[in-house]
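One structure is given below, encoded as structure tokens.
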Number of protein chains: 2
Amino acid sequence: MRREFKKKSRVLLIDDNYEHLAGIRELLNLEGTFDVVGIATNITMGINLVKKYQPDVVLLDMNMPERDGLQGIIEINKLELGTKILALSGYDDADLIFRAMKIGAKGYVLKTMASAQLIYAIEEVLNGKIYLPNALTSRFFEYFQKSFQEENSRQENARDEENLLNELTQREEEVLELLTQGITYKGVANKLFISETTVKTHVNNIFQKLQVNDRTQAVLYAINNGFLTKRIKIAV
Amino acid sequence: MRREFKKKSRVLLIDDNYEHLAGIRELLNLEGTFDVVGIATNITMGINLVKKYQPDVVLLDMNMPERDGLQGIIEINKLELGTKILALSGYDDADLIFRAMKIGAKGYVLKTMASAQLIYAIEEVLNGKIYLPNALTSRFFEYFQKSFQEENSRQENARDEENLLNELTQREEEVLELLTQGITYKGVANKLFISETTVKTHVNNIFQKLQVNDRTQAVLYAINNGFLTKRIKIAV
DNA sequence: TGTGATATAGACCATTTGGTCTATTAAATA
DNA sequence: TATTTAATAGACCAAATGGTCTATATCACA
């Protein structure tokens with residue numbers, strides 16, 4: 001009995017276009033180093049096959065009706081089988097590329113790409129690398145930087161002199177920290193070993209400095225202006 | 001008098017290592033298509049030269065004492081002169097690469113890279129593209145995905161059945177929305193054209209459903225669990 | 001030495017908040 | 001049709017919150 005020396009990589013295909021699906025299967029079979037263990041025309045079916053066959057890599061079409069590809073990535077990753085996901089799409093939609101990579105796709109290729117490049121992409125991903133064609137990398141970064149612009153300016157504000165949080169004394173910061181946890185005056189007093197009245201005094205000073213009227217607004221101001229940056233941060 | 005047909009690109013160098021600085025200047029001068037309009041050995045000096053000469057591109061060393069390179073990127077971009085910044089570093093530190101790209105560097109190259117590649121990187125950046133060597137792109141994405149993992153699982157929770165926010169009725173959501181703005185019962189009542197008592201009833205129901213005891217906790221729960229995702233979101 | 005900032009705390013009071021219970025109406029659904 | 005859910009609202013009460021004013025002790029710094 002003959003034994004193969006190089007183990008074939010197990011591939012699963014998910015794409016609602018059956019033509020395309022068959023085409024890729026053909027391509028990968030011809031290549032010889034891949035073993036297409038299953039094909040699915042929708043996410044639900046795909047997930048089931050992933051559970052059943054535990055493929056090394058999944059080629060996942062992004063543009064599918066009902067449950068979209070992004071959801072598919074999330075659910076496959078949730079299975080924690082170490083399955084690598086290569087996203088497949090007809091369009092170089094920056095938002096889609098960004099989100100796919102963000103939620104853990106190992107690569108993103110266009111359907112219009114040459115077969116050889118698709119094979120290369122799969123191999124890279126199988127080797128534990130990220131694969132993005134140069135054109136898509138550019139699109140990705142454009143979007144990436146654009147989407148962080150807001151946060152950047154917000155973080156600058158957080159460092160700004162205008163940031164009223166900087167007016168707070170150390171003790172006031174401690175009190176605010178506890179306020180943001182929804183603790184009562186009594187609770188804060190106990191935690192800081194001071195009287196409830198003192199807490200109230202601090203809180204009143206905090207309100208004046210932050211120019212707000214109640215704890216909810218103070219907490220919101222804190223969150224929106226860089227307080228608690230270690231725990232919480234505003235993003236895109 | 002001879003006139004040049006192709007306008008040279010104006011380059012500014014910022015690096016605290018003078019040897020290295022001189023080397024790059026030499027390289028770029030030899031190349032002939034660049035005009036090194038200035039060199040600086042620290043950020044402050046660099047910023048001033050940027051203001052003065054308004055170069056097309058700045059090669060900025062990341063690893064400098066005192067004010068570091070990241071701060072330099074921020075400040076140069078704040079000038080809004082359209083200056084492209086190419087970050088330069090001795091190390092392929094993933095966190096540094098990520099942060100540099102995040103705050104708007106157009107590229108990141110290692111000092112160990114071949115001269116030809118540096119030139120190529122500068123040209124790409126000048127052409128409005130992002131340039132990251134493949135090796136650094138991989139490092140970037142590793143870090144990118146890792147740093148979004150937390151957010152991802154949090155966002156999954158946000159969609160989860162366990163998310164208590166899903167228990168809320170439409171009206172309760174409206175009330176909660178207003179609560180998160182720090183509005184009093186009276187205020188909410190006016191906005192929704194219902195009585196204060198009704199607001200209180202809704203709020204009580206919200207507290208029970210979210211298993212909290214006061215508005216601050218309710219607001220925090222809301223923020224941390226995907227409510228207001230359009231306006232605010234929790235990140236790394 | 002004295003001035004200012006910080007942390008502490010009491011008194012007093014009005015307002016707001018939160019808890020509980022009951023009740024009516026409309027709409028959806030079994 | 002009967003039942004459930006959602007939205008509305010009143011009554012009553014205790015607890016928490018917020019506002020204002022006053023006062024003391026420390027510490028740093030001019």
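Heavy atoms only: backbone and side chains are in, while hydrogens, waters and symmetry mates are out. Letters A, B, ... mirror the listed sequences (proteins, then strands); counts begin at 1.
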In terms of heavy-atom contacts, does CZ of A/F207 have more than 12 from other residues, nucleotides or ligands at under 6.0 Å?
yes
I'd like to know whether NZ of A/K191 has more than 12 heavy-atom contacts from other residues, nucleotides or ligands below 6.0 angstrom.
no
Using whole Å, report how far [atom1] of [X] lies from [atom2] of [N].
X: B/N204; N: D/dA6; atom1: CG; atom2: P; answer: 16 Å
X: A/E196; N: C/dT8; atom1: CD; atom2: P; answer: 15 Å
X: A/Y185; N: D/dA15; atom1: OH; atom2: P; answer: 17 Å
X: A/N205; N: C/dA5; atom1: CG; atom2: P; answer: 13 Å
X: A/L176; N: D/dT17; atom1: CG; atom2: P; answer: 15 Å
X: A/L168; N: C/dA5; atom1: CG; atom2: C1'; answer: 14 Å
X: B/I206; N: D/dT8; atom1: CD1; atom2: P; answer: 12 Å
X: A/K200; N: C/dT16; atom1: NZ; atom2: C1'; answer: 13 Å

Nearest to the side chain of [X], heavy atoms from C-beta on, is which of [options]?
X: A/R171; options: C/dA9, C/dA7, D/dT20; value: C/dA7
X: A/T201; options: D/dC12, C/dG10, D/dA9; value: C/dG10
X: A/T184; options: D/dG18, D/dA16, D/dT8; value: D/dA16
X: B/R215; options: C/dA7, C/dG18, D/dT8; value: C/dG18
X: A/K186; options: C/dG10, D/dT8, D/dA16; value: D/dA16
X: B/F207; options: C/dG19, C/dA7, D/dG18; value: C/dG19
X: B/D214; options: D/dT20, C/dG18, D/dA9; value: C/dG18

Quick one: CD on B/E174 to CD on B/E177, what's the gap to the nearest 0.5 Å?
9.0 Å
Between [X] and [N], does any side-chain N or O lie under 4.0 Å from OP1 or OP2?
X: B/T197; N: D/dG10; result: yes
X: A/H202; N: C/dT8; result: yes
X: B/T198; N: D/dA9; result: yes

Would you mind classifying the nucleic acid contact of B/T169 as base, sugar-phosphate or nothing, using non-hydrogen atoms under 4.0 angstrom?
sugar-phosphate
Contacts of A/V203 and B/S195 projected onto DNA chain D by closest heavy atom; the upstream (5') one is B/S195
For A/I183 and A/Q208, find the nucleotide of DNA chain D closest to each by heavy atoms; which residue's nucleotide sits nearer the 5' end?
A/I183
Could A/R99 and A/Y143 be counted as a cation-pi pair, given that NZ or CZ must be under 6.0 Å from the ring centre and within 45° of the axis?
no
B/L60 versus B/G72, closest heavy-atom pair with distance
CD2-C, 4.0 Å
Heavy-atom check, side chain of B/L13 versus side chain of B/V36, under 4.5 Å
yes
